[in-house]
Asks: 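Right, I'll just put the structure down here and ask away after.
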Amino acid sequence: MSGNEDTISNLKAFGPVAAAAKEMADVRATLEPGTRPPAELKDKLNETLKELGGVRIAGRVATPIRGNFVHLTDGREKLQIYAKKGQFTLARNDGGADREPETAWEAWQILDHGDLIGVEGYLFVTNTGEVSVHVERLTFLSKALSPMPDKVHGIEDAEIKQRKRYLDLIASSLRVEMAGEKHELSTRETFEVRAKTISSIRHFLEDNGYIEVETPMLTPKATGAAAKPFKTHHNALDIALYARIAPELYLKRLLVGGFEKVYELNRNFRNEGISYKHNPEFTMLEFYCAYMNVNGMMDFCEKLIQKSVMKATGGLVVEYEGKKINFSKFERIAMRDAIIRHFPERWKLQDQDIPQDLSDPLRLSKFTQYVRRVFIAETDGSLSQHSQSYPLAKQRIWEGVDKLMQTEHESGGEIEQLFDIVVEPNLIQPTFIIDYPKSISPLSKASPEDPQIAERFELFINGMEVANGFSELNDPREQYERFVDQAEARERGDDEAMVLDEDYVRALSYGMPPAAGIGIGIDRLVMLLTNKHSIRDVILFPHMRPERKQEAESTEDDE
RNA sequence: GGUCCGAUAGCUCAGUCGGUAGAGCAAAUGGCUUUUAACCAUUGGGUCCCAGGUUCGAGUCCUGGUCGGAUCACCA
């Protein structure tokens, strides 16, 4: 074996082979079920295939051995092979002369569903019109001791699919589709869409002059985002290290150093909950462009995502959970306007629930908690107890939210909470939310028109945050002050407030060009493109609780 | 962490009122040998997730636990 054998997929895609298969398929489509294609066509195609000469392929036996015919799979595509008693030999493992056809036939008969074999032979079309390989030489490659999964149902148990991804992939390659069945992406195809999405993003960035870099995964400070890190220890240096929660501050150091367009597409780690949209490690694209602002970044982000959607799915409209998501136009709306738009008038609040003084953190917090209760009550159907209250006009909400926006420091978090409750689940079509409160955007430049607003946006699709970008704050003194604010928030018990990075501030003091940057959650984007409802379906080996029995045994053994 | 749902053969699943553990696929043996998921016959295959309890008797009822899924809270 040289590694240069044809793969089944390549062989099937090879011009003359694909053409023959298509010609036969076209004719077969016109036939009554059960009838065979005309022999003249078969003979004609066989002439063509004969001229191609010998083929040499390998793969997994995709169906139980029954008779002379069996399908091989390379994980993506299947190809039928035909072995006739007396017409093929068996290769020996020691490289000696082939075994007799009699022995080869015995070997053929004891092959199992799932075994890996190689065959040499020639292509032909069967009487029923399927392009196949007539085997002249069989090589036994590897044994499958464990039985193969059900060829009709595959593996249905999500836990087994995720824990034994290899088995899930095998199942998806062996699966036989029933006639008339609606085609859903197989596991293999899902990860091919993922790969296409990522490679199209890399191409797009590189075509636009971006250079890919790799910054530290293990960092002395977990900063650049609001999240809890994984902590580890470096023995030789005797220091704590943290798995990075974001590469942002490193990438911006590179802006300082003169990389004007730079990106990193790699893993981030966050020591937080696991859910259908959260995995402890996830893939994030971050890129930065000097001399660009937030608006330019939104334009570019829209094009980038459209391009990758196009490459991965072939269109701009994607069906997700029965909804059509249209990527051809991304709406832009300010956070406060979104809150007003999505705050339905039927949700009534009592006057006493509206704090008069919204700069008082305690009252603010009560206000948002009240709103939360009302919204939760709405979703679980117990709203009636709230519904006879005084009406609160949109104007009143506006005033409340506007006051929130005007209030320094603490209020940003409250507005965001309000936004999360009221707006986020409703953002199904791609929507840029703009004009974020400055206090929750410590790395973002403030708007020249309104000092309380950050030049920041987040992109939401199907109620999920997919991207987060802004005009980068490049004033070292202001950055230092924002870090200090975060440190104060930390003192007050907000353990997700951002950690001060002195060296980053020092880097800024050398002058960072005005720039825009963005982070795009690749896993979530892939979920949307593959119609998967769990992040674990788009990550090959998602994190799961250890299997209890194995854990008990292995920890005993390891100690 | 809260709530709801689930776990039966290698895989997909039935299992009635608490009364001998079932089917299809897969596997083994034989037949067939140009078939299109499933040809014919025969055979083997079970810690019914775990531990208690109720009962003459538990896959089934009760309690606790494990694992998973959905959902809520935190996070991207």
Side-chain angles (χ1 to χ4, degrees), chain A residues 28 33-34 36 39 42 62-71 78 80-86 105 108-110 112-114 124-130 132 134 144-164 167-168 170-171 174-179 181 225-229 245-246 268-286 372 375-376 379-380 416-417 420-421 424 458-460 464-468 494-496 519-525 527 533-536 544-552:
Chain A
R28 279 211 285 180
R36 291 182 170 175
K42 185 195 76 173
T63 47
I65 296 282
R66 184 171 288 140
N68 304 74
F69 286 92
V70 78
H71 283 87
K78 288 181 205 161
Q80 180 168 261
I81 62 171
Y82 171 64
K84 181 137 177 84
K85 186 175 180 181
W105 181 248
W108 171 262
Q109 287 181 301
I110 60 167
D112 272 327
H113 189 191
F124 76 111
V125 177
T126 62
N127 289 341
T128 52
E130 179 163 342
S132 308
H134 191 119
L145 293 174
S146 298
M148 294 294 111
D150 191 293
K151 62 179 178 286
V152 177
H153 302 92
I155 295 177
E156 301 269 317
D157 186 328
E159 185 185 353
I160 297 175
K161 280 166 81 84
Q162 291 161 11
R163 283 195 196 280
K164 302 187 181 172
L167 192 59
D168 180 28
I170 290 172
L174 301 185
R175 195 160 178 282
V176 178
E177 258 178 56
M178 312 277 282
E181 185 186 4
K228 293 175 206 148
I245 55 174
N268 286 349
F269 306 87
R270 299 192 182 174
N271 203 344
E272 285 160 0
I274 293 178
S275 80
Y276 76 97
K277 53 180 177 176
H278 297 94
N279 194 56
E281 56 182 291
F282 61 102
T283 300
M284 175 90 111
L285 165 67
E286 281 203 16
R372 177 187 301 272
F375 276 74
I376 289 172
T379 47
D380 66 20
E416 195 184 29
Q417 275 197 31
D420 288 349
I421 301 163
E424 196 175 306
E458 288 193 0
L459 172 63
F460 291 86
M464 263 192 316
E465 184 189 336
V466 172
N468 176 9
D494 179 358
D495 58 356
E496 284 175 5
I520 298 179
I522 298 298
D523 309 285
R524 290 182 177 182
L525 183 60
M527 282 168 68
H533 318 308
S534 167
I535 197 167
R536 276 179 279 189
M544 302 183 76
R545 236 177 225 109
E547 290 178 275
R548 194 169 140 270
K549 279 178 190 168
Q550 288 190 357
E551 185 192 42

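A, B, ... follow the sequence lines: proteins, then strands. Residue 1 opens every chain. None of these values were measured; they are calculated from a predicted model. Excluded from the calculations below are hydrogen atoms, water molecules and symmetry mates; all remaining heavy atoms, backbone and side chain alike, are included.
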Asks: Between A:Asn68 and A:Arg536, just flag the one whose closest nucleotide in RNA chain B comes earlier from the 5' side.
Replies: A:Asn68

Asks: Please report the interatomic distance CZ(A:Arg175) to CD1(A:Ile155), rounded to the nearest 0.5 Å.
Replies: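 The distance works out to 11.5 Å.
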
Asks: Which residues satisfy the salt bridge (Lys or Arg N to Asp or Glu O under 4.0 Å) test with A:Asp112, sequence neighbours excluded?
Replies: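 A:Asp112: salt bridge (Lys or Arg N to Asp or Glu O under 4.0 Å) contacts with A:Lys143.
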
Asks: Take atom C1' in B:G22 and the same atom in B:G31, then report the distance between them in whole Å.
Replies: 28 Å

Asks: Is A:Tyr276 stacked on the base of B:A70 when the test is centres under 5.5 angstrom and planes under 30 degrees?
Replies: no

Asks: Measuring from the side chain of A:Phe124 (C-beta onward, heavy atoms only), which nucleotide among B:C75, B:C25, B:U34 has the closest atom?
Replies: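 Output: B:U34.
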
Asks: Sticking with atom P, work out how far B:G59 lies from B:U47, rounded to a whole angstrom.
Replies: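 That atom pair is separated by 14 Å.
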
Asks: Rounding to a whole Å, what distance do you find between A:Glu424:CD and B:C75:C1'?
Replies: 11 Å

Asks: Out of B:C75, B:A76, B:A37, which has the shortest distance to the side chain of A:Glu272?
Replies: B:C75

Asks: With sequence neighbours left out, write down each residue that passes side chain to side chain contact (heavy atoms under 4.5 Å, CB included) with A:Asn279, or none if nothing qualifies.
Replies: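 If we apply the side chain to side chain contact (heavy atoms under 4.5 Å, CB included) test to A:Asn279, skipping adjacent residues, the hits are A:Glu281, A:Ile535, A:Ile539, A:Pro542, A:His543.
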
Asks: Look at the side chain of A:Arg163 and decide which nucleotide, out of B:G68, B:U34, B:C75, has an atom nearest to it.
Replies: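 Shortest atom-to-atom distance from the side chain points to B:G68.
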
Asks: Stem finding on RNA chain B, please: runs of three or more consecutive Watson-Crick or G-U wobble pairs, both distances under 3.5 Å, sorted by first number.
Replies: B:1-7 with B:66-72, B:10-13 with B:22-25, B:27-31 with B:39-43, B:49-53 with B:61-65

Asks: When every nucleotide of nucleotides 1-7 of chain B is labelled 5' to 3' by its protein contacts under 4.0 Å (heavy atoms), B for base, S for sugar-phosphate only, - for none, what sequence of letters results?
Replies: -------

Asks: Can you check the distance between B:C5 and B:A41, where both ends of the measurement are the P atom (answer in whole Å)?
Replies: 43 Å

Asks: Taking atom C1' of B:A37 as reference, at what distance in whole Å does atom CG of A:Leu174 sit?
Replies: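 Computing the A:Leu174:CG to B:A37:C1' distance gives 12 Å.
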
Asks: Do the side chains of A:Ile81 and A:Ser132 get nearer than 4.5 Å, heavy atoms only?
Replies: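 Answer no - side chains too far apart.
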
Asks: Can you tell me, in whole Å, how much space there is between the C1' of B:G64 and that of B:U54?
Replies: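 Taking atom C1' in both B:G64 and B:U54, they lie 15 Å apart.
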
Asks: Sequence neighbours excluded, which residues qualify as side-chain hydrogen bond (donor to acceptor under 3.5 Å, both in side chains) partners of A:Ser275?
Replies: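 Once residues adjacent in sequence are excluded, the partners of A:Ser275 under the side-chain hydrogen bond (donor to acceptor under 3.5 Å, both in side chains) criterion are A:His278.
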
Asks: Within the 4.0 Å heavy-atom criterion, would you say A:Ala226 contacts the bases, only the backbone, or no part of the nucleic acid?
Replies: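 If one applies the 4.0 Å heavy-atom cut-off, A:Ala226 turns out to touch the sugar-phosphate alone, with no base involved.
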
Asks: Which value, in whole Å, describes the distance between the P atoms of nucleotides B:G57 and B:C25?
Replies: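 To the nearest whole Å, 39 Å.
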
Asks: Using a 4.5 Å cut-off on heavy atoms from C-beta on, say whether the side chain of A:Asn268 contacts that of A:Arg270.
Replies: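 A:Arg270 vs A:Asn268: side chains touch.
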
Asks: Residues in side chain to side chain contact (heavy atoms under 4.5 Å, CB included) with A:Phe69, at least two apart?
Replies: A:Gln80, A:Tyr82, A:Thr126

Asks: In Å and rounded to the nearest 0.5 Å, what is the CG to CG distance from A:Leu167 to A:Asp157?
Replies: 11.0 Å

Asks: From CZ of A:Phe69 over to P of B:U34, roughly how many Å is that when rounded to an integer?
Replies: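 Interatomic distance, CZ of A:Phe69 to P of B:U34: 7 Å.
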
Asks: Sequence neighbours excluded, which residues qualify as side-chain hydrogen bond (donor to acceptor under 3.5 Å, both in side chains) partners of A:Glu130?
Replies: A:His71

Asks: May I have the distance from A:Lys84 (atom NZ) to B:C32 (atom C1'), rounded to whole angstrom?
Replies: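 For the pair A:Lys84 NZ and B:C32 C1', the rounded distance is 12 Å.
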
Asks: With rounding to the closest Å, how many angstrom separate the P atoms on B:U20 and B:C48?
Replies: 15 Å

Asks: Starting at atom CD1 of A:Ile535, determine the distance to atom P of B:C75, rounded to an integer number of angstrom.
Replies: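 In whole Å, B:C75 P lies 16 Å from A:Ile535 CD1.
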
Asks: Select base, sugar-phosphate, or nothing to describe what A:Glu130 touches, counting heavy atoms under 4.0 Å on all strands.
Replies: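 The residue A:Glu130 makes base contact.
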
Asks: Given the P atoms of B:U60 and B:G6, what is the spacing between them in whole Å?
Replies: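 Going atom to atom, P in each nucleotide, I get 14 Å.
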
Asks: Is the closest side-chain heavy-atom distance between A:Lys277 and A:Asp523 below 4.5 Å?
Replies: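 Side-chain contact under 4.5 Å: no.
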
Asks: Residues in side-chain hydrogen bond (donor to acceptor under 3.5 Å, both in side chains) with A:Lys42, at least two apart?
Replies: A:Asn127

Asks: Identify each atom pair where a protein N or O and an N or O of nucleotides 10-13 of chain B are less than 3.5 Å apart, giving names and distance.
Replies:
from: B:C11; atom 1: O2'; to: A:Asp150; atom 2: N; distance (Å): 3.3
from: B:C11; atom 1: O2'; to: A:Gly154; atom 2: O; distance (Å): 3.0
from: B:C11; atom 1: O2; to: A:Asp150; atom 2: OD2; distance (Å): 3.2
from: B:U12; atom 1: OP1; to: A:Glu156; atom 2: N; distance (Å): 2.9
from: B:U12; atom 1: OP1; to: A:Asp157; atom 2: N; distance (Å): 3.4
from: B:U12; atom 1: O2'; to: A:His153; atom 2: NE2; distance (Å): 3.4

Asks: Nearest 0.5 Å, what's the OG1-CE distance between A:Thr63 and A:Met148?
Replies: 12.0 Å

Asks: Taking 4.0 Å as the cut-off, does a side-chain nitrogen or oxygen of A:Lys277 come that near to OP1 or OP2 on B:C75?
Replies: no

Asks: Which residues pass the salt bridge (Lys or Arg N to Asp or Glu O under 4.0 Å) test with A:Glu465, not counting sequence neighbours?
Replies: none

Asks: What is the distance, rounded to the nearest whole Å, between atom CH2 of A:Trp105 and atom P of B:C32?
Replies: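 In whole Å, B:C32 P and A:Trp105 CH2 are 11 Å from each other.
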
Asks: Answer yes or no: is there a side-chain heavy-atom contact under 4.5 Å between A:Glu424 and A:Phe460?
Replies: yes

Asks: Just how far is it from atom CZ of A:Arg524 to atom CG of A:Leu459, taken to the nearest 0.5 Å?
Replies: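 Answer for the CZ-CG pair, A:Arg524 versus A:Leu459, is 11.5 Å.
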
Asks: Counting any heavy atom closer than 4.0 Å, what does A:Asp168 reach on the DNA or RNA strands: base, sugar-phosphate only, or nothing?
Replies: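 No contact at all - A:Asp168 keeps every heavy atom at 4.0 Å or more from the nucleic acid.
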
Asks: In whole Å, what is the span from the CD1 atom of A:Ile170 to the C1' atom of B:C25?
Replies: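 Answer to the nearest Å: 17 Å.
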
Asks: Among the nucleotides B:A76, B:A37, B:U34, which one has an atom lying closest to any side-chain atom of A:Val176?
Replies: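 It is B:A37.
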
Asks: Anything under 3.5 Å between a protein N or O and an N or O of nucleotides 28-30 of chain B, put it in a table, one pair a line.
Replies:
from: B:A28; atom 1: OP1; to: A:Asp112; atom 2: OD1; distance (Å): 2.9

Asks: How many whole angstroms separate atom CZ of A:Phe269 from atom P of B:A76?
Replies: 17 Å

Asks: Between B:U34, B:A26, B:A76, which one does the side chain of A:Asn127 approach most closely?
Replies: B:U34

Asks: Select base, sugar-phosphate, or nothing to describe what A:Gln80 touches, counting heavy atoms under 4.0 Å on all strands.
Replies: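 Answer is base: heavy atoms of A:Gln80 come under 4.0 Å of a base.
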
Asks: Less than 4.0 angstrom between a side-chain N/O of A:Gln109 and OP1 or OP2 of B:U33, yes or no?
Replies: no

Asks: Choose from B:G69, B:U34, B:A76 the nucleotide whose nearest atom is closest to any side-chain atom of A:Phe282.
Replies: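 The answer is B:A76.
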
Asks: If I pick the P atom on B:C56 and the same atom on B:U16, what distance separates them, to the nearest angstrom?
Replies: 22 Å

Asks: Could you measure the distance from the CD1 atom of A:Ile522 to the OG1 atom of A:Thr283? Nearest 0.5 Å is fine.
Replies: 7.5 Å

Asks: Which residues satisfy the side-chain hydrogen bond (donor to acceptor under 3.5 Å, both in side chains) test with A:Lys161, sequence neighbours excluded?
Replies: A:Asp168

